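Being a predicted model, the structure only gives us computed values, none of them experimental.
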Number of protein chains: 2
Amino acid sequence: MDVDTIRRSLEAGGLRCTPQRYAVMAFLMEHSGHPTAAEIFAAVNRVDPRSSRGTTYNNLRDLVQAGLVREVAVEGRAARFDAKGMRHHHFICDRCGNVEDMEWYDLPRPAARSLGKRVFRECELIFRGLCAKCARRQAFR
Amino acid sequence: MDVDTIRRSLEAGGLRCTPQRYAVMAFLMEHSGHPTAAEIFAAVNRVDPRSSRGTTYNNLRDLVQAGLVREVAVEGRAARFDAKGMRHHHFICDRCGNVEDMEWYDLPRPAARSLGKRVFRECELIFRGLCAKCARRQAFR
DNA sequence: TTCCACATTAGATATTATCTAAAATACATG
DNA sequence: CATGTATTTTAGATAATATCTAATGTGGAA
């Protein structure tokens with residue numbers, strides 16, 4: 001992934017380009033999995049051990065606030081993160097909690113009637129079931 | 001809410017009807033908000049202080065596994081719980097994390113092509129934005 | 001009434017995330 | 001290039017949320 005692409009993404013979000021923040025963003029753009037904060041911290045520090053846990057959390061928070069990264073909460077597990085590239089939905093495995101991408105479907109803006117005084121921003125579709133790996137294991141029991 | 005309705009719900013899920021479990025289920029059926037485990041524990045013990053935190057978590061886990069209760073993970077906050085009554089979707093406030101019900105829309109089963117070897121169970125729609133209270137506060141800044 | 005699989009308890013522990021205050025640094029500006 | 005400053009990073013402490021443990025109690029079938 002091009003250095004300038006990443007640097008420009010950060011600037012577009014109004015964020016300074018520090019080595020630690022760059023590393024988090026680069027890792028997310030280069031890995032389409034959905035790593036947890038702990039996984040990102042480990043991966044980034046494996047390459048260049050100059051970041052701390054706190055900074056990784058800070059940067060993830062900043063990237064989410066800037067709209068560059070999506071946070072996916074998973075029941076009973078650590079949150080997962082995802083650079084916003086192509087639009088997509090998520091499949092969450094009931095068994096292992098892994099998050100996988102699903103193709104994008106356009107979703108209807110909710111009717112004003114059902115929205116009331118709320119301010120709508122977006123909606124997202126979450127598919128649930130067993131991921132391929134867990135489905136295979138399940139078959140042998 | 002009728003005692004027998006709740007008792008039968010538990011039995012339908014293959015769960016014994018203990019006072020603590022009954023209290024959790026009754027509270028969820030009688031309150032359409034989306035309380036956290038801590039809130040449920042506090043509310044249940046206010047009425048009859050015979051439950052422990054661990055038991056509340058155990059019972060919530062059991063109720064979710066039995067399909068009687070839904071767990072809603074919220075980014076950076078405690079999970080919220082919801083008795084499965086009428087089908088509905090959820091609106092999650094970006095600012096305060098509150099979960100509110102939204103009317104039900106039927107959703108398409110994903111195409112076999114995009115599902116691959118995964119086993120589909122359900123899909124859910126999550127609306128995001130500002131709840132009425134937070135939208136009002138936002139207007140004054 | 002008895003029995004036992006299942007449930008509960010208090011407290012310890014694990015996991016995930018945030019806070020703090022001092023030190024370092026990105027980068028706009030001169 | 002040098003400077004100033006608001007932002008960022010750091011390590012460690014702390015907070016918030018959830019699970020585990022092992023001893024004790026109990027719902028409900030027979």
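- The A/N59 side chain lies nearest to D/dT9 when the options are D/dT9, C/dC27, C/dT18.
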The test is side chain to side chain donor-acceptor pair (under 3.5 Å); show your working for A/H89 and A/D101 and say whether it passes. CA-CA 6 Å; A/H89 294 297; A/D101 288 352; over 6 Å; no

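- Atom CD in B/E75 sits about 14 Å away from atom P in D/dT17, given to the nearest Å.
- Regarding contacts with the backbone of C/dA17, every side-chain N or O of A/R53 stays at 4.0 angstrom or more from both OP1 and OP2.
- Rounded to whole angstrom, the span from the OH atom of A/Y57 across to the P atom of C/dT20 amounts to 18 Å.
- D/dA6 atom C1' lies 14 Å from atom CG of A/D62, rounded to whole Å.
- Separating the CZ atom of A/F81 from the C1' atom of C/dT16 is a distance of 10 Å, rounded to the nearest angstrom.
- Rounded to a whole Å, the CG atom of B/N58 is 16 Å from the C1' atom of D/dT26.
- Toward the 5' end of DNA chain C, the nearer of the two residues A/R7 and A/E71, judged by each one's closest nucleotide, is A/E71.
- A straight line from CG of B/L10 to P of D/dG27 spans 14 Å, rounded to a whole angstrom.
- With D/dG27, C/dA26, D/dT9 as the choices, the nucleotide that has an atom nearest any side-chain atom of B/R16 turns out to be D/dG27.
- If you measure from atom CG of A/L15 to atom C1' of D/dT7, you get 11 Å, rounded to the nearest angstrom.
- For the OP1/OP2 pair of C/dT8 and a distance below 4.0 Å, the side-chain nitrogens and oxygens of B/T18 include at least one atom meeting the criterion.
- Annotation: cation-pi geometry satisfied between B/R118 and A/F91 (NZ/CZ under 6.0 angstrom from ring centroid, within 45° of ring axis).
- The residue A/S51 sits close only to the backbone: its heavy atoms come under 4.0 Å of sugar-phosphate atoms, none of a base.
- Rounded to whole Å, atom P of C/dT15 lies 24 Å from atom CZ of B/R77.
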